[in-house]
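Numbers for residues simply follow the sequence, beginning at 1. Remember, it's 1-based here, ligands and their atoms both numbered in the order they're listed.
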Amino acid sequence: MVSYKELGLVNSRELFKKAMEGGYAIPAFNFNNMEQMQAIISACVETRSPVILQVSSGARRYANQTLLRYMAQGAVQYAKELGYEIPIVLHLDHGDTFELCKDCINTGFSSVMIDGSHLPYEENVALTKKVVEYAHQYDVTVEGELGILAGIEDDVVAESHTYTEPDEVVDFVTRTGVDSLAISIGTSHGAFKFTPEQCTRNEEGVLVPPPLRFDILEEIEERIPGFPIVLHGSSSVPQEYVEIINKYGGKLKDSIGIPEDQLRKAAQSAVCKINIDSDGRLAMTAAVREVLATQPAEFDPRKYMGPAREELKKLYMHKTKNVLGSAGKA
Ligand code: G3H
Ligand code: 13P
Ligand code: ZN
C-alpha cells in the first residue's frame with residue numbers, strides 16, 4: 001500500500017472548497033507521457049495554479065501504471081525545483097470497476113472517478129458507494145457521474161446526451177457519499193462535439209454551437225447547494241490548431257468544441273473541476289506536424305516533442321489564466 005500523502009500529493013477536497021468560494025475551477029489535464037506532465041506542471045507552477053493530473057485506464061495501459069505513478073511523484077519534486085509548490089492531485093479518470101479504483105488507491109492516487117453513468121441508476125449507486133467506502137478509509141476523494149455525455153467515454157459510446165436529471169442528484173450524493181459529481185449539460189468528449197448543422201453562424205461567420213444547459217446546472221445547484229460539480233468534455237478545439245494540422249497534411253473535418261466563454265461562466269458556478277484532454281492532443285499534433293513538414297531532415301524526437309511541449313505549456317497557461325480562473329490560486 002502506497003499512500004498519496006507519502007508522495008506529496010493532495011486529495012481534491014480542500015481545492016474544491018476554495019474553488020467553490022472563489023468562483024473558479026481546478027484544471028484537470030490528462031497525461032500519459034513525460035512531455036505532457038512537464039507541460040502541465042511548468043504551466044501551473046508559472047501561473048500559480050493548483051492542478052489535477054488525470055490518468056485514464058487507456059493511459060494506464062499505454063504508459064504503464066507504475067511509471068505514471070512515479071511520474072506523478074516526480075511531478076511534485078519537479079514543481080519544487082521550478083521554485084513553487086502547487087497542490088497536485090493524482091486522479092483516475094473514468095474508472096469503470098471497483099477493482100481498478102482500489103488498485104489506484106493502493107498505489108498512490110489521491111482521487112478516483114467511478115463512472116457508473118451508463119449503468120442502471122441503482123447499480124450506479126451501489127458501485128459508487130462501494131468505491132467511496134473503500135476510498136474514504138484512506139482519505140481519497142471520489143467523483144461519481146450522473147447523466148451520459150454524447151460522444152466517446154473511453155470504451156463506452158453514447159450517441160446522444162442524456163442530461164443529468166436534477167431530481168436524482170440529492171438521492172445519489174447522499175446515498176453514495178461521493179465528494180464531487182460529474183454532470184451532463186451538453187459537453188461531450190473528443191474534438192468533434194457538434195456537427196455544423198447543430199451550430200449557428202455569428203457575424204464573423206464563425207460556427208457557434210448550442211449553449212450549455214445552464215438551466216439544468218442551476219437546478220442541480222439548488223438541490224445540492226455548495227456541492228462540487230465536474231464538467232467533462234470541456235475542450236474548446238482551438239481552430240488555429242485545426243488549421244495548422246490540416247495545413248501540414250492532417251485531415252480534421254468539422255472539429256468544433258465548447259466556446260471558452262461558456263466554460264468561463266461554468267467556472268464561476270458550482271463547477272469546481274473542468275476536464276481538458278483533446279485540446280492538448282491538438283496542440284501537440286499541430287506542433288509535431290509543423291516541425292516534421294517544415295524540417296523534413298529532422299529525426300531527433302526532441303526536435304519535435306520539444307516544440308509540442310512548449311505549445312502545450314502555452315495552451316495550459318492560457319486555460320488557467322483566461323478560462324478557468326485558477327491562476328494565482330495555488
Ligand atoms: O475522457 C476521456 C479522456 O479524454 C481520456 O481519453 O481514454 O483515450 O485516454 P483516453
Ligand atoms: P475533452 O475530450 O473535451 O478534452 O474531455 C476530456 C475529458 O472529459 C476527460 O475525462
Ligand atoms: Zn471525461
Next on the checklist: For Asn275, which part has a heavy atom under 4.0 Å from ligand 1: side chain, backbone, both, or neither?
Outcome noted: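 None of Asn275 does.
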Checklist entry - If you measure from each non-hydrogen atom of Asn32 to ligand 1, which part falls under 4.0 Å: side chain, backbone, both or neither? => result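 For Asn32, no heavy atom sits under 4.0 Å from ligand 1.
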Checklist entry - How far is atom 9 (C) of ligand 2 from its nearest protein heavy atom, and which residue and atom is that? => result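 Looking only at protein heavy atoms, the one closest to atom 9 (C) of ligand 2 is Asp93 OD2, 3.1 Å.
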Checklist entry - Where the Zn ion (ligand 3) is the corner point, what angle links NE2 of His189 with NE2 of His94, to 10°? => result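 The two atoms subtend 100° at the Zn ion (ligand 3).
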Checklist entry - How long is the gap from OH on Tyr4 to OH on Tyr138, to the nearest 0.5 Å? => result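 Taking OH in Tyr4 and OH in Tyr138, the distance rounds to 12.5 Å.
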Item to check | Heteroatom distance test (Asn30, ligand 2): nitrogen or oxygen, under 3.5 angstrom | outcome: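 No, no N or O pair falls under 3.5 Å.
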Checklist entry - When you measure from the Zn ion (ligand 3) to each N, O or S atom of His232, which atom gives the shortest distance? => result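 That would be atom ND1.
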Checklist entry - Should one rank Arg281, Gln54, His189, His232 by closest heavy-atom distance to atom 10 (P) of ligand 1, which comes out on top? => result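 Nearest option to atom 10 (P) of ligand 1, by heavy atoms: Arg281.
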Checklist entry - Can you list the ligand 1 atoms lying under 4.0 Å from a non-hydrogen atom of His94? => result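 Those qualifying, in numeric order: 1 (O), 2 (C).
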Checklist entry - Crowded around Lys5 NZ? As in, over 12 foreign heavy atoms under 6.0 Å? => result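 More than 12 heavy atoms, drawn from other residues, nucleotides or ligands, come within 6.0 Å of this atom.
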Item to check | Cation-pi geometry met for Lys265 and Phe214 (6.0 Å, 45°) | outcome: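 Satisfied, under 6.0 Å and within 45°.
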Checklist entry - For Tyr163, is the NZ or CZ atom of Arg213 found under 6.0 angstrom from the centre of its six-membered ring and inside 45 degrees of the ring axis? => result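 Flagged: Arg213 positioned over aromatic ring of Tyr163.
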Checklist entry - Just which atoms of ligand 2 are under 4.0 Å from any heavy atom in His94? => result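 The list of qualifying atoms is 10 (O).
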Next on the checklist: If I apply the N/O under 3.5 Å rule, does Asn30 come out as touching ligand 1?
Outcome noted: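 Not met; the criterion fails.
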